[in-house]
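This report refers to the structure that appears directly beneath it.
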Amino acid sequence: MRTKLLQEQDIEEAAALIRQGEPVGMPTETVYGLACDAGNADAVRKVFAAKGRPADNPLIVHIADIADWAPLVTEIPPLAHKLAERFWPGPLTIILPRTSRIPSVTAGGLDSVGVRFPAHPLAQALIRASGVPIAAPSGNRSGSPSPTTAAHMIQDMDGRIPAVIEGGSCICGVESTVIALDDERSVRVLRPGFVTPEQLAEIAENVTVDPAVLAKISADTVVRSPGMKYRHYAPNAGVTLVQGGQAEFLQFMRAHTGEGVLALVFDSDASACEAENIPYRAYGDTDEQRAAAFFAALRDADAAGVQHLYVRAPRTDGVGLAVYNRLLRAAGYDIAAL
């Protein structure tokens with residue numbers, strides 16, 4: 001079975017597959033997702049199987065109207081309402097206690113569920129046409145770089161799922177920010193994304209970043225968000241995250257040139273870097289634009305047959321925190337601090 005590439009006019013065909021319990025590739029503003037009926041346990045198991053995803057890694061549930069949230073969770077605190085009003089539709093996932101509408105397999109065995117209202121019009125159209133909330137982890141093989149184009153997703157999923165909807169390149173390029181509410185005034189960031197801690201602090205009195213965002217956690221830790229526990233986002237090549245300023249990084253790369261070695265650099269480093277390199281700030285000067293190019297650059301490295309990739313670390317504020325978090329996991333916490 002070859003995976004079919006569907007277009008915008010084929011939304012009803014994709015929705016029919018969802019209602020039949022099949023997974024479908026869905027574009028969102030963050031990354032492409034592997035979508036299925038969130039309430040159909042068998043369909044969810046097909047998603048886990050297609051991705052090779054560990055069963056304790058929960059899925060995020062997507063809705064297309066803010067009113068559709070209520071049947072999925074047991075309560076919506078005032079702070080959650082304020083956050084949804086500010087950031088939805090958009091790249092924010094809010095974790096709350098789940099109702100029985102969400103099967104245990106969808107929630108990774110947890111008593112909570114993460115819910116998101118995506119901004120991409122085709123994602124919204126598919127959810128509405130399907131008539132069900134949609135569970136959709138990133139549409140890559142588990143552990144590999146997330147797909148930011150339909151071609152990326154077909155590269156990973158061809159023959160594993162019936163169809164992918166063509167929706168262009170994702171404008172964010174990293175998965176959604178995932179948060180939990182510690183109390184009526186406090187937000188904890190479990191996975192950073194395009195909605196930054198600084199933006200969350202405009203709504204919540206207290207915003208903290210979970211230690212797992214920047215540090216490795218033990219294999220037996222129970223996590224409430226995807227992207228916290230396992231090695232993720234990694235190309236086939238080995239990855240080392242290099243922390244340091246431009247001069248230190250360029251000097252480091254002089255000692256690490258050679259066949260099969262590639263540097264992932266900022267545009268400002270590219271001409272001076274003596275190693276073969278790919279700039280992952282190629283699409284602009286902002287953290288947001290760098291994030292959008294990040295996963296594509298990792299896939300470019302694989303396409304070039306790279307054996308080892310050295311990546312200059314971004315800052316850890318704003319959207320840079322999301323890119324840094326993904327790099328840590330792609331590198332398996334292999335860090336060179338200069």
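We number each residue from 1, following the sequence as shown.
Heavy-atom neighbours of Lys4 NZ from other residues, nucleotides or ligands within 6.0 Å: at or below the threshold of 12. The number of heavy-atom neighbours closer than 6.0 Å to CD of Gln251, taken from other residues, nucleotides and ligands shown, is 12 or below. Counted within 6.0 Å of CZ on Arg101, heavy atoms from surrounding residues, nucleotides or ligands total 12 or fewer; the atom is thus considered open. More than 12 heavy atoms of other residues, nucleotides or ligands sit less than 6.0 Å from atom CD of Gln246.
Checked for salt-bridge contact, Glu29 and Arg116 meet the test: a charged N lies under 4.0 Å from a carboxylate O. No salt bridge links Lys82 with Glu202; every basic N to acidic carboxylate O contact stays at or beyond 4.0 Å. With respect to the salt-bridge test (charged N to carboxylate O, under 4.0 angstrom), the residues Arg299 and Asp302 do not qualify. Looking at Asp158 and Arg2, a side-chain N of the basic residue comes within less than 4.0 Å of a carboxylate O on the acidic one, giving a salt bridge.
The minimum heavy-atom distance between Asp42 and Asn40, with the atom names listed, is N-OD1, 3.0 Å. When all heavy atoms of Ile76 and Ala70 are compared, the closest pair comes out as CD1-CA, 4.0 Å. For Phe266 against Pro314, the heavy-atom pair with the smallest separation is CZ-CA, 3.9 Å. Nearest heavy atoms, Asp156 versus Arg141: OD2-N, 3.0 Å.
Judged by distance alone, with hydrogens and angles left aside, the side-chain atoms of Thr177 form a donor-acceptor pair with the main-chain N or O of Gly193 at under 3.5 Å.
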(message) Quick one, Asp10 with Ile165, criterion side chain to side chain contact (heavy atoms under 4.5 Å, CB included). Give me CA distance, side-chain angles, the key distance, then yes/no.
(response) CA-CA 8 Å; Asp10 302 318; Ile165 303 168; over 6 Å; no
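In this model, a donor atom of one side chain and an acceptor atom of the other lie less than 3.5 Å apart for Thr93 and Ser176.
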